[in-house]
There are 2 protein chains.
Amino acid sequence: MKDLQQYTGVIDSELTKIGLPNSPVRLYDPLRYFLQIGGKRIRPILTLLSAELFGASSEKALPQALCIEVFHNFTLIHDDIMDQSPLRRNQQTVHEKWNRDVAILSGDVLMIKAYQLLGDIEAKLLPPVFDLFNNTAIEVCEGQQMDMDFEERSDVSIDEYIEMIRLKTSVLLGCALEIGAIVAEASDKNRKEIYTFGQHIGIAFQIQDDILDLYADPDQFGKQVGGDVIANKKTILHLTAIKHATKEQLEVMKQLQNAQDLVFKVDRTRRLFNQLEVRSICEARMQEHYGIAMASLAKINIDESKKEALIGLAAFLMNREV
Amino acid sequence: MKDLQQYTGVIDSELTKIGLPNSPVRLYDPLRYFLQIGGKRIRPILTLLSAELFGASSEKALPQALCIEVFHNFTLIHDDIMDQSPLRRNQQTVHEKWNRDVAILSGDVLMIKAYQLLGDIEAKLLPPVFDLFNNTAIEVCEGQQMDMDFEERSDVSIDEYIEMIRLKTSVLLGCALEIGAIVAEASDKNRKEIYTFGQHIGIAFQIQDDILDLYADPDQFGKQVGGDVIANKKTILHLTAIKHATKEQLEVMKQLQNAQDLVFKVDRTRRLFNQLEVRSICEARMQEHYGIAMASLAKINIDESKKEALIGLAAFLMNREV
């Protein structure tokens, strides 16, 4: 596997060349700004690695890889408005740096730009990538709506939560991989397997994200440990605790929502979750999805050595040693 | 030509069948609501008429016609947020009836739905309709941004204004027609001509819209005469007046912006515009674009009788007798 950073560098560099005009300034400046905020560029790298896995050059899948990243950035710009987030990666969000209307409209044009990049492909491959991308894009919106709906509900089940993260984030990983497979003209069976791999890696990653919020090593964790607890977010930890808690424990959880001493709030919540074995229950669920993902990858009848790059990326995402 | 209302009825009816799921309720209910608010459905009818002009059945172009109407509705939902419009066709806008976040996200999913409808086409025709639609969609966003930028500028030229309305509204009429032509496998030359026809009919229509605001017969006009004047909108009438006004007349215009007596404001503005011959200058500009449109239609080498439906629709749009 090429170094991950090499791929990230390629995507960063190619994103500056996708042909955004200068004018209207307030439409395109926000996009140039936002696209250079950066990130690990996991999604487009999945497209490149998948194309390579199935025997195509990563160059061939580059426009579609950029499409996936550009679409992802469109969702971030609009989600940031809805979530009223002032910062992303420690930089101002578009609606904060410009205004809400600018964020709506530049987000819109970025989505169309994603479609333009998608269309830079052999004519015969356009219908299948177009279908897949449309279905995925709709699912991502549905996931975002479910996420917002959950904030107002007190009866969210764990299965509903998994379905929400599947739609909001995981299907795009599956789509990124399957588009690489389509570009490489992989078989229908292999397309399905690589999609399943991506989707379940995505779910496992999101569950792990929830777990790390409370159980990460503070010295290694990039952000405040317990941030989700402080914000009373309905993570899978929270939902698991609710499911297994006694009446008394539910009452404690309820009171903790309004606790003013945040260190106490996080520590007391962790203690309660430990009593309920929340972490191991969630880790089991995470393992389940990680297992489905790896089983799908194993079913792809290709020399195992060629799968190393994707296995390495999955391990990187899951903070594991290979 | 079939009666226009027959076509409108077909579009209205087909829009109820585009397969919007029930859930998430707050994502899809707003779309069902907004799509049934209605309208004349001019854009999709252009697609159907163009397909028929070039020898295809209108049924063949139906998904693409619906795509155009669905995309148009997406732009309306997001524009209504930006313009803070509480009403559209006397019914509550989506952000007013639900909220801003619902309007953003349901607008997003509606745009993707437009792409899904676009893709319901023979594989070989997908690349050209996809290219055209992407380019048009980007232009529409650019036009909306220009429109918002103009509100904050005092030096907008008439040519810039025409360019803004070309992008914001007219290119979609051209696109609607050209997609019908592509579905009917018309020649490249005919595709270009029908696009030009639509684009210039669109510009002429928008100029007429500005003129009617101040010069319509109040008994026949559906809304308050002088609404643009009252709202201090920079219409082509306003920009033309500014261009030709003396210093003293400019001063009068400036004072009228803050006039409290609205009947006086509209009447005094009309009197000033009359002195400057604003109406006839704008009508000449409108005629110019109408002329380009009709000349393009004339260049299409098809039995004139087949053009009657489109000529009739253009006449209807321009409130003319054929």
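In what follows, every chain begins at residue 1, and chains take the letters A, B, ... in the order their sequences are listed.
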Where along residues 95-108 of chain A does a heavy atom come under 4.5 Å of chain B, listed by residue number?
-> Arg100(A), Asp101(A), Ile104(A), Leu105(A), Asp108(A)
Using heavy atoms and a sub-4.5 Å threshold, report which of residues 153-185 of chain A line up against chain B, by residue number.
-> none
Measure the CE-CG distance between Met148(B) and Leu27(A) for me, rounded to the nearest 0.5 Å.
->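 Atom-to-atom, Met148(B):CE and Leu27(A):CG are 8.0 Å apart.
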Out of curiosity, Met111(B) CE to Cys141(A) SG, how far, rounded to the nearest 0.5 Å?
-> 9.5 Å
For atom [atom1] of [X], is the number of surrounding heavy atoms from other residues, nucleotides or ligands below 6.0 Å larger than 12?
X         : atom1 : value
Lys233(B) : NZ    : no
Lys60(B)  : NZ    : yes
Gln84(B)  : CD    : no

Do Gln145(B) and Val109(A) come close enough that some side-chain heavy atom pair is under 4.5 Å?
-> no
Listed partners of Phe71(A) passing ring pair (Phe, Tyr, Trp, His ring centres under 6.0 Å), at least two apart =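 With sequence neighbours excluded, Phe71(A) shows a ring pair (Phe, Tyr, Trp, His ring centres under 6.0 Å) to Phe74(A), Phe133(A), given in chain and number order.
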Given a strict heavy-atom distance threshold of 4.5 Å, which part of Tyr115(A) is in contact with chain B: side chain, backbone, both, or neither?
-> both
Listed by chain and number, what are the salt bridge (Lys or Arg N to Asp or Glu O under 4.0 Å) partners of Lys243(B), not counting sequence neighbours?
->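 Partners of Lys243(B) under the salt bridge (Lys or Arg N to Asp or Glu O under 4.0 Å) test: none.
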Count the heavy-atom pairs under 4.5 Å between each of Pro127(B), Ala123(B), Pro24(B), Pro21(B) and chain A, then report the option with the highest count.
->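 Greatest number of close heavy-atom pairs with chain A: Pro24(B).
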What part of Met82(B) is in contact with chain A, defined as an atom under 4.5 angstrom from a non-hydrogen atom: side chain, backbone, both or neither?
-> both
